[in-house]
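Structure record follows, encoded as structure tokens.
Letters A, B, ... mirror the listed sequences (proteins, then strands); counts begin at 1.
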There are 2 protein chains.
Amino acid sequence: MVKVIVIGSGNLAQHLIVAFQEAEQLERSIELVQVFARHKENLTSLIHSDKIVSNWSQLQTADIYILAVSDDSISEVSSQLPFNNQLVVHTSGAMPMENLDSKNRKGVFYPLQSFTKAKKVDFSRIPLCLESENKQDYEIMEKVANTISNKVFHIESQQRQALHVAAVFVNNFTNHLYQIASEICQENQIPFEILQPLIQETAHKISVIPPIQAQTGPAIRNDQKTINAHEQFLKKEEHLQLYRILTQSIQNNGKKL
Amino acid sequence: MVKVIVIGSGNLAQHLIVAFQEAEQLERSIELVQVFARHKENLTSLIHSDKIVSNWSQLQTADIYILAVSDDSISEVSSQLPFNNQLVVHTSGAMPMENLDSKNRKGVFYPLQSFTKAKKVDFSRIPLCLESENKQDYEIMEKVANTISNKVFHIESQQRQALHVAAVFVNNFTNHLYQIASEICQENQIPFEILQPLIQETAHKISVIPPIQAQTGPAIRNDQKTINAHEQFLKKEEHLQLYRILTQSIQNNGKKL
């Protein structure tokens with residue numbers, strides 16, 4: 001039985017609390033001992049209030065302390081912890097393991113997913129990227145990770161940074177392209193839902209074919225007539241600039257094939 | 001019973017042939033009378049060879065002739081047809097209905113999806129965007145469309161052009177972002193599959209929340225520290241340029257909220 005304490009009350013903390021409690025109910029060898037949160041009220045609908053503490057002195061012992069706090073707070077919160085030589089991990093894709101205070105054993109427990117409060121996620125499919133200072137700690141982290149996810153990966157700090165940048169491309173930037181498309185639809189009285197099957201298919205296709213092979217459309221075909229028509233259609237300077245630079249980038253990439 | 005003839009043997013023609021034959025088997029009121037193809041050999045595994053003709057003089061009569069040919073061939077092929085005053089439709093998202101020769105009644109039957117030979121698609125979920133010169137023809141087209149798809153939309157030429165541009169953003173450009181991410185993974189010995197749940201979730205999320213509300217990440221948070229770290233990480237000038245322009249565009253967009 002691995003004893004876990006979650007520190008934080010934000011978006012990720014809430015998803016972790018739900019996931020760990022589900023794992024407990026499924027009688028996996030995990031126990032969510034406590035949650036540390038400055039603001040209890042965020043969590044009272046998720047976990048029994050006896051388990052929520054907001055004072056360091058009330059903290060019990062655990063095998064692993066998971067900091068689900070903002071990137072900027074990792075260093076400060078980890079230095080406030082009232083104990084030494086315990087396993088303390090952060091959950092950030094952007095921060096190196098070294099941001100944690102050195103008085104405890106360090107690790108990173110990074111769930112590679114975008115969490116929105118409004119939308120429940122299935123934790124079992126979320127890749128968990130783990131890193132630790134030593135093998136024994138890695139094994140504890142792996143046990144914990146396996147109770148909530150089927151996809152556990154060993155990812156070093158440098159790789160995690162690469163993943164974090166790559167995630168910005170496939171999540172934030174992709175979502176922004178969806179946003180531009182929805183704007184174009186709105187301006188032309190077209191329901192955005194009409195594009196959703198294409199969006200889903202585009203995302204699914206790359207689980208079968210590598211993206212470089214899945215590329216279609218006027219840019220890769222060097223179909224200058226269609227490209228010109230699209231450029232003429234786009235009235236907003238920002239959209240036009242993005243259209244051009246992405247078209248050019250697809251064409252540069254196509255030359256590698 | 002609506003009689004259909006498909007003209008063409010490429011990617012879309014093949015998917016249509018499969019879809020119409022499935023509709024026939026399901027005893028929907030549709031009959032794929034013939035397929036006109038210069039190159040029979042592309043199609044012999046999909047349809048009985050008696051039904052494939054490669055000479056205009058062998059063409060039977062039908063209620064609708066669907067031109068599944070390249071954008072550049074629409075005008076030429078439609079002018080070669082050896083009959084007048086029939087319903088002839090093209091399947092292009094990029095071309096106006098007027099590209100069809102005026103000797104026949106015109107229409108557009110545009111399936112909004114990206115077709116890859118290597119991957120079977122479920123036609124029933126593909127939005128079909130229809131346009132015609134008159135109401136009677138629209139009704140024929142609608143009957144045909146309903147035999148293969150559950151999502152039939154009336155879309156005028158100007159709207160179709162908007163959709164075609166929007167589709168480039170959510171399909172070609174998004175796929176290119178996937179490609180960049182897969183490159184970053186490869187350079188750092190990370191399996192690209194680790195990003196796939198995030199890719200799927202990003203695509204799914206916008207069926208629940210509009211993209212402008214789904215936006216997360218360093219750009220929208222104005223998290224300059226993370227942005228700087230990502231910019232430092234990206235060694236390839238083209239990736240860096242895209243990172244900057246997309247970050248800026250997300251931030252400009254955020255100001256509207």
Side-chain angles (χ1 to χ4, degrees), chain A residues 94 112-114 118-119 125-127 153 159 161-163 165-182 184-185 188 190 194-203 205-209 211-212 214-217 219 226 229-230 233-234 238 242 245-246 249-250 253, chain B residues 94 112-114 118-119 125-127 153 159 161-163 165-182 184-185 188 190 194-203 205-209 211-212 214-217 219 226 229-230 233-234 238 242 245-246 249-250 253:
Chain A
L112 182 62
Q113 187 56 278
S114 161
K119 195 169 184 296
R125 292 160 167 216
I126 296 180
F153 294 85
Q159 288 177 310
Q161 209 193 351
L163 262 180
V165 177
V168 166
F169 276 87
V170 302
N171 175 241
N172 308 156
F173 292 169
T174 291
N175 185 71
H176 187 56
L177 298 182
Y178 298 161
Q179 161 57 21
I180 292 172
S182 94
I184 294 172
C185 284
N188 291 277
I190 303 162
I194 203 172
L195 283 173
Q196 287 185 0
L198 180 60
I199 287 171
Q200 311 301 341
E201 172 66 12
T202 307
K205 201 182 266 182
I206 51 123
S207 61
V208 186
I209 313 168
I212 199 159
Q215 191 63 58
T216 58
T226 302
H230 286 176
F233 181 87
L234 290 165
E238 195 173 302
L242 273 170
I245 189 175
L246 283 160
S249 183
I250 289 172
N253 212 49
Chain B
L112 182 62
Q113 188 55 279
S114 162
K119 196 170 182 299
R125 293 160 167 216
I126 296 180
F153 295 85
Q159 288 177 309
Q161 209 193 352
L163 261 180
V165 177
V168 166
F169 277 88
V170 301
N171 175 243
N172 308 156
F173 291 169
T174 290
N175 185 71
H176 187 56
L177 298 182
Y178 299 161
Q179 162 56 21
I180 291 171
S182 94
I184 293 172
C185 284
N188 291 277
I190 304 162
I194 201 173
L195 284 172
Q196 288 185 359
L198 180 61
I199 288 171
Q200 310 302 341
E201 172 67 12
T202 307
K205 202 183 266 183
I206 51 123
S207 61
V208 186
I209 313 169
I212 198 158
Q215 191 63 59
T216 58
T226 302
H230 287 176
F233 181 87
L234 290 164
E238 196 173 302
L242 274 170
I245 189 173
L246 283 159
S249 184
I250 289 173
N253 212 50

With chain B, the option among A:N172, A:L112, A:T174 that has the most non-hydrogen atom pairs under 4.5 Å is A:N172
Proximal component of A:S182, with respect to chain B [non-hydrogen, under 4.5 Å]
side chain
Is there a donor-acceptor contact under 3.5 Å linking the side chains of A:N175 and B:Q215?
yes
Side chain to side chain donor-acceptor pair (under 3.5 Å) against B:H230, all qualifying residues, sequence neighbours excluded
A:H164, B:Y243
What heavy-atom pair brings B:H176 and A:S249 nearest, and what distance separates the two atoms?
NE2-OG, 2.6 Å
When the 4.5 angstrom heavy-atom criterion is applied to A:V170 and chain B, the contacting part is both
Please check if the side chain of B:Q179 supplies one atom and the backbone of A:P211 the other of a donor-acceptor pair under 3.5 Å.
no
How long is the span from the CD atom in B:Q159 to the CD1 atom in A:I184, to the nearest 0.5 Å?
13.5 Å
Side chain from CB out, backbone as N, CA, C, O: work out which of these in B:V165 comes under 4.5 Å of a heavy atom of chain A, or both, or neither.
both
Side chain to side chain donor-acceptor pair (under 3.5 Å) partners of A:T226, counting only residues at least two apart:
A:D223
Residue A:F153 versus chain B: region with a heavy atom under 4.5 Å
side chain
Please flag which part of B:I180 lies under 4.5 Å from any non-hydrogen atom of chain A: side chain, backbone, both or neither.
side chain
Please find the pair of heavy atoms, one from B:L163 and one from A:C185, that lie closest to each other, and give the distance.
CD2-SG, 4.4 Å
At what distance, to the nearest 0.5 angstrom, does CD of B:Q113 lie from CG of A:L195?
10.5 Å
Among B:T202, B:N171, B:I206, which one satisfies side chain to side chain contact (heavy atoms under 4.5 Å, CB included) with A:I199?
B:I206
Nearest-0.5 Å distance, CG of residue A:L242 to CG of residue B:L246
5.0 Å
Just give me the residue among B:A181, B:A203, B:A229 that pairs up with chain A most often, heavy atom to heavy atom, under 4.5 Å.
B:A203
Can you say whether B:A219 sits under 4.5 Å from chain A via the side chain, the backbone, both, or neither, judging by heavy atoms?
neither
Consider only side-chain N and O atoms of B:Q196 and A:S207, and report whether a donor and an acceptor are under 3.5 Å apart.
no
With a 4.5 Å limit on heavy-atom distance, are the side chains of A:I194 and B:P127 in contact?
yes
Indicate yes or no: at least one non-hydrogen side-chain atom of B:F173 is less than 4.5 angstrom from one of A:I250.
yes
